[in-house]
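Notes follow once the structure below has been shown.
Counting starts at 1 for both ligands and their atoms, in listed order. Hydrogens, waters and symmetry mates play no part in the numbers below; they use all other heavy atoms, side chains included.
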Amino acid sequence: MPAITFIHSGGNTDHIEASDGESAMQAATRHGLDGILAECGGNAMCATCHVYVDDGWLARLPAMADDEDALLDGAAAERTANSRLSCQIKITPELDGLVLRLPERQV
Ligand code: FES
């Protein structure tokens, strides 16, 4: 199972196992991870699943769609060049070891 490391804004880390085909958001919420709200349930409508992708991983993710791009502009925390919506990151075996940083707030 691919593993994902989430780094909280305070520096704590959580290592979780994801299933192939689920999103990083789904893996996080299935494990009860604090810091991902996912209010819209993964429909790219809320931006409360905002994450910062660790530098080495950003280029390995599929390009973002226009709706994700637009929604990130309204995220509660600052948008940066490595911002993504975790509900739009589909986990594959190639993403084993993915590192995602959590923003200070989601709302
Ligand atoms: S869960 Fe709502 S945009 Fe990702």
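- Criterion: ILVMFWY side-chain heavy atoms under 4.5 Å apart, direct or through other members. Under it, Ile7 and Leu100 are part of a common hydrophobic cluster.
- Every pair passing salt bridge (Lys or Arg N to Asp or Glu O under 4.0 Å) that includes a residue from residues 20-49 is listed here, sequence neighbours excluded: Glu22-Arg30.
- A 4.5 Å side-chain heavy-atom check between His15 and Ile4 finds every atom pair outside the cut-off.
- Using modelled atom types, one finds a donor on one side chain and an acceptor on the other under 3.5 Å when comparing Asp14 with His8.
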Give the table of side-chain donor-acceptor pairs shorter than 3.5 Å for residues 88-99, with sequence neighbours excluded, one pair per line with atom names and distance.
residue: Thr92; atom: OG1; partner: Glu94; partner atom: OE1; Å: 3.1
residue: Asp96; atom: OD1; partner: Ala3; partner atom: N; Å: 2.8

Listed pairs under 3.5 Å, donor-acceptor, residues 74-85 side chains, sequence neighbours left out:
residue: Arg79; atom: NH1; partner: Asp69; partner atom: O; Å: 2.8
residue: Arg79; atom: NH1; partner: Asp69; partner atom: OD1; Å: 3.1
residue: Arg79; atom: NH1; partner: Asp73; partner atom: OD1; Å: 2.6
residue: Arg79; atom: NH2; partner: Asp69; partner atom: OD1; Å: 2.5
residue: Thr80; atom: OG1; partner: Asn82; partner atom: N; Å: 3.4
residue: Thr80; atom: OG1; partner: Asn82; partner atom: OD1; Å: 2.4
residue: Asn82; atom: ND2; partner: Val53; partner atom: O; Å: 2.9
residue: Ser83; atom: OG; partner: His50; partner atom: NE2; Å: 2.8
residue: Ser83; atom: OG; partner: Thr80; partner atom: N; Å: 2.9
residue: Ser83; atom: OG; partner: Thr80; partner atom: O; Å: 3.3
residue: Arg84; atom: NE; partner: Glu68; partner atom: OE2; Å: 2.8
residue: Arg84; atom: NH1; partner: Pro62; partner atom: O; Å: 2.8
residue: Arg84; atom: NH2; partner: Pro62; partner atom: O; Å: 3.3
residue: Arg84; atom: NH2; partner: Glu68; partner atom: OE1; Å: 3.2

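- Within the protein, the N, O or S atoms lying under 2.8 Å from atom 4 (Fe) of ligand 1 are Cys49 SG, Cys87 SG.
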